[in-house]
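Order of listing sets the numbers, starting from 1, for every ligand and every atom in it. Values in this document were obtained by computation on a predicted structure and should not be read as measured data.
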Amino acid sequence: MMTGEQYVDSIKNINMEIYMFGEKVESSATNPILRPSLNSVKATYDLAQQPEYEDLMTATSHLTGKKINRFTHIHQSTDDLIKKVKMQRLCGNKTASCFQRCVGMDAFNALWSTTYECDEKHGTKYHERFKDYMLKVQEGDWTVDGAMTDPKGDRGKSPSQQSDPDLYLHVVERRPDGIVVRGAKAHQTGITNSHEVIVMPTIAMREEDKDYAVSFAVPMDSKGLYMIIGRQSCDTRKLEGSTMDVGNCEYGGMEALVIFDNVFVPNDRIFLDGECDFAGMLVERFAGYHRQSYGGCKVGVGDVLIGAAALAADMNGAQKASHVKDKLIEMTHLNETLYSCGIACSCEGKKTSSGNYLINLLLANVCKQNITRFPYEITRLAEDIAGGLMVTAPSEKDFRHPKLGPVIEKYLKGVDSVSTEDRLRVLRLIENLTLGTAAVGYRTESMHGAGSPQAQRIMIARQGNIEAKKALAKNIAKIK
Ligand code: SF4
Ligand code: FE
């Protein structure tokens, strides 16, 4: 396993084509806006080195018998699925942001079983290839981005019906040694902090969309691959040199639009090509794993937000007010309900024919459906407790100013035992989590990440088995 420092060096050594604010960025390791997002992924390496987290952060490879980072593991039991969720809660606790490495882990596990079942039906050789790829991932302790979401253009049209054929990523050329692909993937979490990217289709495909039913892996310095970084609210505060105003200056997340401009993929890195009947399975399983993931990561960040709200109340001297106590209880109840969903879909997981474990898809979708709601309520309650100062507090520069500083110190003071600076630091953290850069990962990503709410409702409808429930009702009501 790599140490955090070795990981950072390994990313620095990849010559990626990254753009932000119309300019080329050298590396996420050296850019002040992107560096916190690299630090979050680095935490997944650092934590794996610490003996107290060994049980959650590492696993034994079923391929080599070696100790590996759990983020590169193929789940071998329901216990592995549960530990995955607990690991994500831990990482959320430590970073208070999106630590990005889960998308690759979820892609590994979705591809593991899908390639196996595709080979069984079509006589293809994808699973052995993918196994070889996983050996490289585990040996190199790589971070791999999982790229699913195509731009999609006109949502009323299928991939091949779009007036611009590139709105879904597709194969444009087939050669004896591989394929050439063109298109883009949107909202790519952690892409600048990854060694490689695994591309998957974004929806179930029909025969006419064959060229769009493609999955493969390429390194991040592949020719024709480049990224345009998405802005996050308050992102340029990271350029101001103030730790206070950023709220969480060490960690963050990142998303980018990734362009595949005629990228070549050699044969040994293709895991699906034209078997459109397996595109839907790959989407459903990847989404299922990632919906389980949210029952860990968002809960971990939620813990930090609840803690920050409680601190803000303490610092105001409001901690004994019954409504404050009740709001903290409500936030905890909502957060632990999300965790319960993450654990439940893991406990109810089942072995696939390929040998790895898949979560219970119905419960994973229920988990994510709740995630589209509860963090919003937790956020609302945190803002309620924090008070308006969370968005009206002066800057750190004012706080350090010889004339203004003492005035701010005097008038924005809470209880005697707490400094004004500490009070402002907590409020900025709440601002960061609810409105700032971390709000991308905690709020809006709770809505749209791993699929927007309607995507889960479709899966809940499919998995809910209403017919069986009708039969139960008929039986009790004595209806023949
Ligand atoms: Fe992991 Fe959560 Fe970020 Fe997805 S949103 S990559 S599950 S931390
Ligand atoms: Fe996500």
ask   = Honestly, is Arg129 close enough over Phe271, meaning NZ or CZ under 6.0 Å from the six-membered ring centre and within 45° of the axis?
value = no
query = Is a side-chain N or O of Asn248 found less than 3.5 angstrom from the main chain of Tyr251, in a donor-acceptor match?
reply = yes
request  = Describe, in one word, how the ring planes of His75 and Tyr289 are oriented to each other, choosing from parallel (under 30°), tilted (30 to 60°) and perpendicular (over 60°).
outcome  = tilted
inquiry  = Centroid separation under 6.0 Å, is that true for the rings of His73 and Trp112?
reply    = no
note = Tested for ring-ring contact (aromatic ring centres under 6.0 Å, His included) against Tyr45, the lone hit among Tyr7, Trp142, Phe99, Phe71 is Tyr7
query = For the Fe ion (ligand 2), what is the closest N, O or S atom on Glu445?
reply = OE2
query = N/O/S of Tyr294 less than 2.8 Å from the Fe ion (ligand 2)?
reply = yes
key: Residues in the immediate environment of ligand 1 (any heavy atom closer than 4.0 angstrom)   = Cys98, Phe99, Gln100, Cys102, His290, Ser293, Tyr294, Cys297, Lys298, Glu445
ask   = Do the side chains of Val144 and Tyr133 get nearer than 4.5 Å, heavy atoms only?
value = yes
ask   = Short question: side chain of Asn356, backbone of Ile74 - any donor-acceptor pair under 3.5 Å?
value = no
